[in-house]
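Note on naming: letters A, B, ... go to the chains in the order of the sequence lines (proteins, then strands), and numbering restarts at 1 for each one. Heavy-atom basis, side chains included; hydrogens, waters and symmetry copies ignored.
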Amino acid sequence: MGCNSSIQYEDRKSEKAIKAAVLIQNWYRGYKSRLELRRRQAMNIFESIEYADEQDQLQLANFFSFMLENYTTNNKDSSESLSQLFVNTTKRKLEPETFIRNINVPDTYYGPRLKFPLTFSDVILLIDAFKENQILHARYVLQLLQEVKKVLQQLPNIVPVTSTLSKDLTICGDIHGKLDDLFLIFYKNGLPSGNNRYIFNGDFVDRGQNSMEVLMVLFSFLLVYPSDVYLNRGNHEDYLMNMRYGFTKEIMQKYKEHGGKILRFLEEVYTWLPIGTIIDEKILVIHGGIAENTDLNILKQIKRNKMKSVLMPPITHSGVNLKYGHHDLPLSSISAIDQLSKIEWEQMVNILWSDPRSKKGCHLNTSRGGGCYFGPDVTTNVLDKFALKMIIRSHECKPEGYDICHDGKIITVFSASNYYEEGSNRGAYIKLGQDNVPRFFQYQSNHITQGKTLHERVDIVESAAFKILGERMISRQSSLIKAFHKYDPNNTGKISVRDWAKATEEVLELSLPWLSLCPRVVKMIENGYVLYEMGFKDMPVVKAPQEAKSATIETLVRYRSDLKIIFNIIDRDQSGLISMDEFRAMWKLFSSHYNIDIEDAHVDQLANSMDLNKDGSIDFNEFLTAFDVVHRLDRNSVKSQN
Amino acid sequence: MADDKDSGEMRLQEIQKKIKDAFEVFDHESNDTVDVREIGTIIRSLGCCPSEGELHDLIAEVEEEEPTGYIRLEKFLPMMVKVLLERRYRPIPEDLLLQAFEVLDSAKEGFLTKEELVKYMTEEGEPFTQEEMEEMLSAALDPETNTIQYRDYLAMMVIDEN
């Protein structure tokens, strides 16, 4: 009797407890979901701005083609400098080995001193040094790059890999200079070795703070285990992309004296990276994706090192009589020898830039401005055509670090956790097991957010997203105001939120949920009307010289990265200075191609008044930095975009 | 009468917009579909608190006859509008939550030990994944005492949400 009722009581009690547990779990999951929504919204903002930037690249590439195809023979000066420019980028002489060996490493240098051929213990030394935040001396960097080039040159475009039971095979995606992620992968999965093979699928550099160190570690492992470490080229293994996305800046900051040499070497080394790997003739590993006309046979036999940069597509000359001054080779013959054909070029761009989508068919990748969107039917066709089972690719940041689509035939792996901001996403790597079935491993490195709650982490990601959105808006402010005015013919100073959203999307060309974003972005809304003249919330300020007109400021903020690239190309000896003549000539071409409505004389005046004229030269980094964007909330006074 | 109808219209429009906005966040290809695995997050982010079991039922309602792994806005919208208009799966009021914690607090000490909470959350009801558990603990656990002071925790969460 007594036993029975106590059991009943226990049952009732545990029933209550279960109900209570469910209640709490339920509530918590709701809370988590609301945070997840905010995090995803922030990711969407980051993503659309990232892709919009990539679109700008297409414009820049067009500009280069325009520059190279349209100079006139009348203007001998500009033709000389432009042809020199082209010669420069295709035939820059690299330092001979003897010169590099003679670079002196001072006694005060306490970093690792590498001896070639590299051994495993050298790499360990290197890793330990990097963990201590040491910088490898330029001489060893250059020597390493030299050796790596030799190894890469021996490799075919698509490197075959045979899986074996005794050796593990791990595939990593984009790392983007995140050394802590690379070390985390090694910690979880072991260092590369004869029994622990790795494929790194491109985008080792740019965006993160340690692109150099990541590259050095990967390259050293390649030298020590050339048959067990595979490096594929990504769209960021591109010297012009590096100018835009941070690696060039990192190099110039870490290597003041020899930075230029390192950059030139890198240009070369990148072009020798293989396009992809193929496992057991069944699994293709490439960085971006495919297009409907992707042809492995073409890809296998092109001269891959001719692809210098996605921003310099092959140019065609329409038989203009070219004056080439005192150069040895006429421009037209340089073009023929050193360029890929248009078809070959497209094949490579598609491999490096395409993204899978659920929509059928193959469409131009308008977000990125390069490569295609390819549907499941394209995947099926290409896989069947070349008797492949699946494609492992990277290139897109995924919240969980990996993604599977097209019925399991396309796998995305992305290894840079916290890519946009701390807390934005996980990283992952793939291990291929028996029968080449992939297993996924995830992680998220987190020293800033360690100890922070989910809520705090989401706050961080969100405010970072709105920060860059603000930067974007301010660089297009006058266009925005113009667009708002169109919807406000009676000049009342207000427009409906709906019209505001329409105008903003038109001008910024970012497809974001502007209706919902509106209250977070504008200062004043009244009864469903935006008082657009009151400006935006938390807008960053542009610090600029007083003489500068607002239109000039906006242009220089908006086209910062492009201008930087252009200047860098003109600056042959990487001194940071170009002549005022070159500056003027370039500005003229730039403003006409980009349809910029600023008097050339004004820009000239500005450069002069800013006293950047040093012996008839202009320090273009200083020039651009003078128009930096500063966030009011930043404690540091300078926050420069790259 | 007319006013009621208008405000009813407006309310419907507002609800539809809210749903579409949340849906859009997960509609990566801008083609009015989302991965079925995200539906739970979307529904919950709209302020509803269905249990896992109830969630499965809702998904079954909006899935295609031959499940494709994707849910279309076309099907999701009317279902979700109904859920919101009928005020189903309302969020749990604070006092009820407090009571739930008190039920688990068998010793009636005003706090739960870490072990107690973990045991309930990961073994009973609709168990948490390890990740969910860790996340909850990161905010709920008082590291000095290794306990969950649930009154304080709830108070903080309420502020957080608003």
About how many Å separate [atom2] of [Y] and [atom1] of [X], when rounded to the nearest 0.5 Å?
X: A/Arg357; Y: B/Ser30; atom1: CZ; atom2: OG; answer: 9.0 Å
X: A/Cys405; Y: B/Glu29; atom1: SG; atom2: CD; answer: 8.0 Å
X: B/Ile92; Y: A/Trp27; atom1: CD1; atom2: CH2; answer: 9.0 Å
X: B/Glu126; Y: A/Leu23; atom1: CD; atom2: CG; answer: 11.0 Å
X: B/Thr41; Y: A/Arg34; atom1: OG1; atom2: CZ; answer: 11.5 Å

Taking all heavy atoms of [X] and all of [Y], pick out the closest pair and write down the distance.
X: A/Ser516; Y: B/Lys17; answer: OG-NZ, 4.0 Å
X: B/Gly125; Y: A/Val22; answer: CA-CG2, 3.5 Å
X: B/Asn31; Y: A/Ser358; answer: ND2-OG, 3.4 Å
X: A/Pro513; Y: B/Glu24; answer: CB-OE1, 3.4 Å
X: A/Ala21; Y: B/Leu104; answer: N-CD2, 4.5 Å
X: B/Val25; Y: A/Asn44; answer: O-ND2, 3.0 Å

- Item | Candidate pair B/Glu135 and A/Arg457, rule side chain to side chain contact (heavy atoms under 4.5 Å, CB included), full reasoning | CA-CA 11 Å; B/Glu135 274 170 5; A/Arg457 278 183 280 150; 4.3 Å; yes

At a heavy-atom distance under 4.5 Å, which candidate from [options] has the highest pair count against chain A?
options: B/Glu102, B/Glu124, B/Glu132; result: B/Glu132
options: B/Cys49, B/Ala140, B/Ala139; result: B/Cys49
options: B/Pro127, B/Pro143, B/Gly40; result: B/Pro127

Does [X] [atom1] have over 12 foreign heavy atoms under 6.0 Å away?
X: B/Lys20; atom1: NZ; value: no
X: B/Gln130; atom1: CD; value: no
X: A/Tyr443; atom1: OH; value: yes
X: B/Asp95; atom1: CG; value: yes

- Message: Restricting to side chain to side chain donor-acceptor pair (under 3.5 Å), what partner residues turn up for A/Lys359, sequence neighbours left out?
- Response: none

- Message: Can a donor-acceptor pair be found, under 3.5 Å and without considering hydrogens, that links the side chain of B/Arg44 to the backbone of A/Tyr31?
- Response: no

- Taking A/Gln25 for the side chain and B/Met121 for the main chain, is one N or O donor matched with an acceptor at less than 3.5 Å? yes

- Query: Given that the side chain runs from C-beta out, which part of B/Glu131 has a heavy atom under 4.5 Å from chain A: side chain, backbone, both or neither?
  - Reply: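 For B/Glu131, the side chain is the part near chain A, not the backbone.
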
- Task: Identify which part of B/Leu98 has an atom lying under 4.5 Å from any heavy atom of chain A, answering side chain, backbone, both or neither.
- Result: neither

- Proximal component of A/Arg38, with respect to chain B [non-hydrogen, under 4.5 Å]: neither

- Message: Which residues in residues 80-91 of chain B have any heavy atom closer than 4.5 Å to a heavy atom of chain A?
- Response: none

- Could you tell me which residues in residues 50-59 of chain B have at least one non-hydrogen atom under 4.5 Å from a non-hydrogen atom of chain A, sorted by residue number? B/Pro50, B/Ser51, B/Glu52

- Among residues two or more places apart or on two chains, list those pairs meeting ring-ring contact (aromatic ring centres under 6.0 Å, His included) that have a residue in residues 107-137 of chain B. A/Tyr28-B/Phe128

- Please step through side chain to side chain contact (heavy atoms under 4.5 Å, CB included) for the pair A/Lys19 and B/Val103, ending with a clear verdict. CA-CA 9 Å; A/Lys19 278 212 174 100; B/Val103 165; over 6 Å; no

- Query: Hey, is B/Glu38 close enough to A/Arg40 for a salt bridge, meaning N to O under 4.0 Å?
  - Reply: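 Salt bridge between B/Glu38 and A/Arg40, a charged N being under 4.0 Å from a carboxylate O: yes.
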
